[in-house]
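Heads up: the structure comes next, in structure tokens.
Lettering follows sequence order; numbering is per chain, from 1. Quick caveat: nothing in here was measured; it's all calculated off a predicted structure.
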4 protein chains.
Amino acid sequence: MPPDPSRRSERSRRAILTAATDLVHEVGYRKLTIEAIAARAGVGKQTIYRWWPSKGAVVLDGFLAAVNENPDDLSLPDTGDVAADIRGVVRAIVAELADPTLSGTTRALMTEMQDDPEFADMVRERLLGPQLQAIADRLRAAQEAGQLRADLDVPVAVELLVGPLYHRWLLRTAPLTEAYADTVTELALRALSP
Amino acid sequence: MPPDPSRRSERSRRAILTAATDLVHEVGYRKLTIEAIAARAGVGKQTIYRWWPSKGAVVLDGFLAAVNENPDDLSLPDTGDVAADIRGVVRAIVAELADPTLSGTTRALMTEMQDDPEFADMVRERLLGPQLQAIADRLRAAQEAGQLRADLDVPVAVELLVGPLYHRWLLRTAPLTEAYADTVTELALRALSP
Amino acid sequence: MPPDPSRRSERSRRAILTAATDLVHEVGYRKLTIEAIAARAGVGKQTIYRWWPSKGAVVLDGFLAAVNENPDDLSLPDTGDVAADIRGVVRAIVAELADPTLSGTTRALMTEMQDDPEFADMVRERLLGPQLQAIADRLRAAQEAGQLRADLDVPVAVELLVGPLYHRWLLRTAPLTEAYADTVTELALRALSP
Amino acid sequence: MPPDPSRRSERSRRAILTAATDLVHEVGYRKLTIEAIAARAGVGKQTIYRWWPSKGAVVLDGFLAAVNENPDDLSLPDTGDVAADIRGVVRAIVAELADPTLSGTTRALMTEMQDDPEFADMVRERLLGPQLQAIADRLRAAQEAGQLRADLDVPVAVELLVGPLYHRWLLRTAPLTEAYADTVTELALRALSP
DNA sequence: TTTTAATCGAGACGGTACGTCGAGTCTTGCT
DNA sequence: AGCAAGACTCGACGTACCGTCTCGATTAAAA
């Protein structure tokens, strides 16, 4: 029998998310334990197990709560200049991935996705999906404006843009810089142009 | 004081790598334990701890040993037709990533890289580096043959090719098919052409 | 922070003591392991480490629990005939030391006392002390009845009685028989008489 | 096949005994390990296992070597005054047991005897037997001189003398003093007199 | 004096148990 | 009912030693 959400303690929920977020920065995701979260939050372990299916889910919730505090609209600006607009997002993504604070948690989430399909669904739906969708939307608009090839497969186009960024970020083959962002943008757009 | 490699038991080394490789297929990397490897290999735990710094290192060694048994030359063929040659590797990579047997281990290695920098170095040097280098070599040859842009940054070009593949593979946003491989190849090469 | 005894599992406590007692008979004290006790008792190792400071403490508790199940009054009978009363205890002690079942555990406890002062305190307080006190009490009564020397140092008198028994038992210089018990009794009482 | 004693390395033998004796004082018998002895002695472990059956045997050998360096004759003086002669040994034994340096090792040896019958034989033959025999000899002489009861069982008489000392020493029920030695001597001799 | 074979230092090996940590479940008493 | 607290079973961790087993490198007896 699932617990009754209406009786849930808001105070505990917040304390848990805060503790999880803090601890993930202090000790890293791998050394983060449910016990430590409970202790730091002043909460029984059961309260965590009751409301979250896994350590990753708690951290994801905490991460989303932190991000959505200032819930800037995800949708990209449409200045009419595809190149400029896309360059903007790509730079933003690179900046986020290069930021050691955010990066650690994101890394953990991507790691955790690899062997927990249910968790992977959560991350895709709530975190990555919307971001990628925003880019896709902008590309589709450009396509309809005739600025991109008509036969373009938009999702693939998105991957052509962000795939290189994630590859470099995950493999740490080279540093993530703004110049890199612009190079990737330029190359990808050339491929996508009519 | 480090152990003396000349006194190392070859029989134990092999048994450990075999056991690790088998077990990672049977139970997955996350549920793989040093204790189980030792038990399966008929070996004391200390023998593992003596020669490998981590579980990941054992699995990597086992993976490389399996791969290198038939050490097909990594360097790409150069038929003169860049598009064909590149399409070949991209298809091969996609096939490998789509293969559930190989894929599991590769996923684990990439996962492990994220929070163990020393291990990341090992994987880059011994596994990923050579593969990417082979592609880079072929691209550079094409560039020198005037088939690709003269101002091309080859490492970025490699990422433009494989980044999308890994992105889709890690995020599981869509299936990895041969058609997908060809689409990515076509798009990327358009970007790289003079 | 020490654990809360009121939340202790009585079922686990009993299972542990039983398992320890059984195993000490089966394999002997030296080959007895915490791990085996836990396994036999169907209990986590931590539960043992939580409540007992050492292997010896567990065995002592088990031994005392077994002994105190039929808690025959330790105090000696006082028939008025010192010689008879003392001969009774001495015979009883000899019988106990000669009994291979009880003897094994007692040996282990005495052994363990030698290099664990805290454990030695426990054994003295809870096992040996009361036994020796009972003899001391009977001797003191006899002394007050004028049957023993007035200037007698009672604790030394007790040692004169039991010391030889333990000496022979520990050194295994000769078998412990009832005749031996009587010889020691007779000799010691001659020394203690007025 | 037993090793050939004529090829034995005297230097190693000495180094091992010295290391064992030193270490037993530094860390105690229980924490003493064969590995530590070998390391300290600059000797391979096998060299120890080749020549000694157990840790106890090494320590016993070391102890005897130290004791026998000044191999004072064990036999007691016979001044004609049994009481004086016996008081002498009893005091000597008490002094030895009270000496924290010697006592530790002796404790360990007696402990080890309890669950290693072969080792017990060694200790009895080479260490305790001779000491007790010396007392027995002196008592027998006194008996033949008519100073002790004619029907006296000499071994029991010896136990009556030393049993109390060991009892107090092993159980640590009270301190071992010279006064105590004299009290025991006096009481025991009263029992043994005609 | 040379051979030769056992002993030697060194330390890797297969094992067993250690004492600790954290997972996820269960129980108790409070709110 | 949910909650804080924390004891519970379980399983793995990484370490310490055990006693056995190679490895050359001495080293002392036999040839």
Rounded distance in Å - CD1 (Ile48(D)) to C1' (dC17(F)): 13 Å

Gap separating the CD atom of Glu26(A) from the OG1 atom of Thr21(A), nearest 0.5 angstrom: 11.0 Å

Residue pair Arg40(D) / Leu23(D): nearest heavy atoms and the distance that separates them: NH2-CD2, 3.4 Å

Qualifying side-chain hydrogen bond (donor to acceptor under 3.5 Å, both in side chains) pairs with a residue from residues 113-123 of chain C, counting only residues at least two apart or across chains: Gln114(C)-Arg107(D), Asp115(C)-Arg30(D), Asp121(C)-Arg124(C)

Value in whole Å for how far the P atom of dC10(F) lies from CD of Gln46(C): 14 Å

Among dC10(F), dA23(E), dT20(F), the nucleotide that comes nearest once only the side chain of Tyr49(D) is considered: dT20(F)

Residue Trp51(A), side-chain heavy atoms: nucleotide from dG14(F), dG2(F), dT20(F) that is nearest: dG2(F)

First encountered from the 5' end of DNA chain E, between Pro2(B) and Lys55(C): Pro2(B)

Arg126(C) bridged to Asp61(C) by N-O distance under 4.0 Å: yes

Out of dA6(E), dC26(E), dC8(F), whichever nucleotide has its closest atom nearest the side chain of Ser9(C): dC8(F)

Closest to side chain of Val43(B), choosing from dC13(F), dT9(F), dG14(E): dG14(E)

Touch class at under 4.0 angstrom, heavy-atom based, for Thr47(C) against every strand present: base

Sugar-phosphate, base or nothing in reach of Ser6(B), heavy atoms under 4.0 Å: nothing

N/O (side chain, Trp52(C)) to phosphate O (OP1/OP2, dG19(E)) under 4.0 Å: no

Nearest to side-chain heavy atoms of Arg7(A), which nucleotide of dT7(E), dG19(E), dG2(F): dG2(F)

Sugar-phosphate only, base, or nothing, as touched by Arg50(B) at under 4.0 Å among non-hydrogen atoms: base

Minimum-distance nucleotide to Lys45(D) side chain [options: dA5(E), dT20(E), dG19(F)]: dG19(F)

Atom pair CG (Leu17(D)) and CG (Leu64(D)), whose distance is rounded to the nearest 0.5 Å: 10.0 Å

Check: dT7(E) base within 3.5 Å donor-acceptor of Arg8(D) side chain: no

Nucleic acid contacts of residues 18-42 of chain B, taken as heavy-atom distances under 4.0 Å to DNA chain F: Thr33(B), Ile34(B), Glu35(B)

Closest to side chain of Ser12(A), choosing from dG22(E), dA7(F), dA4(F): dA4(F)

Student check: side-chain heavy atoms of Phe63(A) and Leu109(A) closer than 4.5 Å: yes

Nucleotide dG2(F), atom P - distance to CZ of Arg11(A) in whole Å: 18 Å

More than 12 heavy atoms of other groups within 6.0 Å of Arg50(C) CZ: yes

Distance, rounded to the nearest Å, where Asp4(D) contributes CG and dA5(E) contributes P: 14 Å

